[in-house]
**Q** 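What follows is a single structure, and I will ask about it in a moment.
Being a predicted model, the structure only gives us computed values, none of them experimental.
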Amino acid sequence: YRAVLAESTLSFMPLTDDTVWNGWLTCVLFENQAQRNDVMAALEIEDVESRPLWKPMHQQPVFANARSVVDGTSDDLFQRGLCLPSGSTLADTDVDRIADIVLNTLQTTG
């Protein structure tokens, strides 16, 4: 995904020289929630599963009365973040197809 989406406005989780990505999950950040929602809808139309990043704990009903320290970071990530299909069985052709859907959606929706 990093290579085929390199020219897009998406942000990926940074990788440092002392780490190795395990390929378990690919999460990207869009410029805004509307872009994320448009891409999710386009992927769904093409029968490609995606999901927002995990809902912050302070937003979950079970933790409504729990003490929390909130600075907006997790809320922002949840609003703009998307998990793309990942895994060891995902072929390069699958990644290319998914990336094309993402790029085409970004070009048509701004």
**Q** In chain order, what residues pass the side-chain hydrogen bond (donor to acceptor under 3.5 Å, both in side chains) check against T19, with sequence neighbours excluded?
**A** T16
**Q** Sequence neighbours excluded and cut-off under 3.5 Å, please list the side-chain donor-acceptor pairs for residues 41-53, or say none.
**A**
none

**Q** Partners of S8 by side-chain hydrogen bond (donor to acceptor under 3.5 Å, both in side chains), sequence neighbours excluded?
**A** none
**Q** Can you pull the salt bridge (Lys or Arg N to Asp or Glu O under 4.0 Å) pairs that have at least one residue in residues 81-91, sequence neighbours excluded?
**A** none
**Q** Checking the side chain of Y1 only, and the main-chain atoms of P85 only, is there a donor and an acceptor separated by less than 3.5 Å?
**A** yes
**Q** Under the side-chain hydrogen bond (donor to acceptor under 3.5 Å, both in side chains) test, which residues partner T26, sequence neighbours left out?
**A** S86
**Q** Could you measure the distance from the CG atom of L103 to the CD atom of E7? Nearest 0.5 Å is fine.
**A** 9.5 Å
**Q** Are more than 12 heavy atoms from other residues, nucleotides or ligands located less than 6.0 Å from atom CG of D18?
**A** yes
**Q** State plainly whether one hydrophobic cluster holds both M13 and V95, where clusters connect Ile, Leu, Val, Met, Phe, Trp and Tyr through side-chain heavy atoms under 4.5 angstrom apart.
**A** no
**Q** Can you hop from V102 to L77 via hydrophobic side chains spaced under 4.5 Å?
**A** no
**Q** L82 and F78: same hydrophobic cluster, using ILVMFWY side-chain contacts below 4.5 Å?
**A** no
**Q** Linking I/L/V/M/F/W/Y whenever any side-chain heavy atoms sit under 4.5 Å apart, do V4 and F30 land together?
**A** yes
**Q** How many angstroms lie between atom CD1 of I101 and atom CG of D96, to the nearest 0.5 angstrom?
**A** 11.0 Å
**Q** Give a yes or no answer on whether the side chain of Q35 reaches the backbone of E31 with a donor-acceptor pair at less than 3.5 Å.
**A** yes
**Q** Please report the interatomic distance CZ(R36) to CG(L106), rounded to the nearest 0.5 Å.
**A** 13.0 Å
**Q** How long is the gap from SG on C27 to CG on L84, to the nearest 0.5 Å?
**A** 8.0 Å
**Q** Indicate, with yes or no, if L29 and L5 share a hydrophobic cluster defined by side-chain heavy-atom contacts under 4.5 Å among Ile, Leu, Val, Met, Phe, Trp and Tyr.
**A** no
**Q** Please answer whether the main-chain N or O of A91 pairs with a side-chain N or O of D94 as donor and acceptor at a distance below 3.5 Å.
**A** yes
**Q** Rounded to the nearest 0.5 Å, what's the gap from CG on D100 to OG1 on T105? Could you check?
**A** 10.0 Å
**Q** Kindly compute the distance separating OG (S74) from CE (M57), expressed to the nearest 0.5 Å.
**A** 10.5 Å
**Q** Which pairs pass side chain to side chain donor-acceptor pair (under 3.5 Å) with one or both residues in residues 60-69, sequence neighbours excluded?
**A** none
